[in-house]
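A quick write-up on the structure given underneath.
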Amino acid sequence: MASEAISAALIRRLRISSGLSDADINEIHTLPILVREYPAERAGVRDGERCTECCLIAGGFCIRSKNIPDGNRQILSIHIPGEVPDLMSLFLHVMDHDLMTLTPCTLGFISHEALRQLHRRRPDIAEMFWRDTLIDAAMLRDWIVNVGQRSAPARLAHVMAELRQRLKVVGRLNENSFEMPLTQEQLSEALGITAVHANRVIRQLREDAIVDFQRGRATILNERKFMELADFDNRYLHESPAL
DNA sequence: TCATTAACTGAGG
DNA sequence: CCTCAGTTAATGA
């Protein structure tokens, strides 16, 4: 994939929540990006690592996760093309979690030095990254509420609703189904339940004709029941550019 | 390897 | 007593 196409993914992402001038766009296109291909289920960036670059997802799906000593893992967020899940490494010098690929991924690495220069050169762009980071925190707050307070079926529906919305705004939604490339085991790690229970929950939602989940793809069967169960309000995604 | 299901168990309302 | 969810184990795709 050409570097130009990769920076385009970032621009599309930043456009969701911020206005971008032509000058901004040109600046982002000049960023040097080193492209690397990763297989599925591989650490892009590891907990404890000292980073010298940030990682832009150009293709594929990633997750943030943290392992605890008993061997269990909590999935903290799901990431889609155009996102920079380890943007915090620019200012937080040691990673406090893993960034893993879910699927085979094309990752674009941008050096911290290049990003710092860009921040100094163009305060508007620095502001955009600020906003992006704050939205990320808002999404994590939402994730905590989901895992901590909702019933298991509602947790699943909520994560589905958020992912669907995020895929929608980058034009990756077709009809009533969308990519959600997690195994049931991974899904259980995202929802804080066992894999067996994740299976039970999926079966229940399928039987109730609310959603289906098969081979990494989610299908909405009953929009009204789905949204009611998911309790999803996209406000926390802050998708509209400031007016 | 991943998904499915049953059977059992206990917590908690 | 009912629902939810973890454990174990067997089995299918």
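The chains referred to below are lettered A, B, ... by the order of the sequence lines, with proteins before strands, and numbering in each begins at 1.
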Quickly work out the [X] [atom1] to [N] [atom2] distance and round it to whole Å.
X: A/Leu191; N: C/dC4; atom1: CG; atom2: P; answer: 16 Å
X: A/Arg215; N: B/dA3; atom1: CZ; atom2: C1'; answer: 12 Å
X: A/Asp70; N: C/dT7; atom1: CG; atom2: C1'; answer: 15 Å
X: A/Arg150; N: C/dC4; atom1: CZ; atom2: C1'; answer: 18 Å
X: A/Leu156; N: C/dC4; atom1: CG; atom2: P; answer: 15 Å

A/His119-A/Phe129 aromatic ring centre distance below 6.0 Å: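 Between A/Phe129 and A/His119, which both carry aromatic rings, the centre distance is below 6.0 Å.
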Scan nucleotides 11-13 of chain C against the protein and return all N/O pairs shorter than 3.5 Å with their distances rounded to 0.1 Å.
none

Within the 4.5 Å heavy-atom criterion, are [X] and [Y] side-chain neighbours or not?
X: A/Asn176; Y: A/Glu223; answer: no
X: A/Phe213; Y: A/Leu187; answer: yes
X: A/Val159; Y: A/Trp143; answer: yes

Row check, A/Phe109 ring normal vs A/Arg36 NZ/CZ: under 6.0 Å, within 45°: yes
A/Asn26 atom CG, over 12 foreign heavy atoms within 6.0 Å: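 Correct, the count exceeds 12.
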For DNA chain B, the residues among residues 195-211 of chain A that have a non-hydrogen atom under 4.0 Å from it: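 Heavy-atom cutoff 4.0 Å gives A/Val196, A/Asn199, A/Arg200, A/Arg203, A/Arg206.
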Exercise: do A/His158 and A/Arg155 side chains pair donor with acceptor under 3.5 Å: no
ILVMFWY cluster, A/Leu90 and A/Leu107 together (side-chain gap under 4.5 Å):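 Result: no, two separate clusters.
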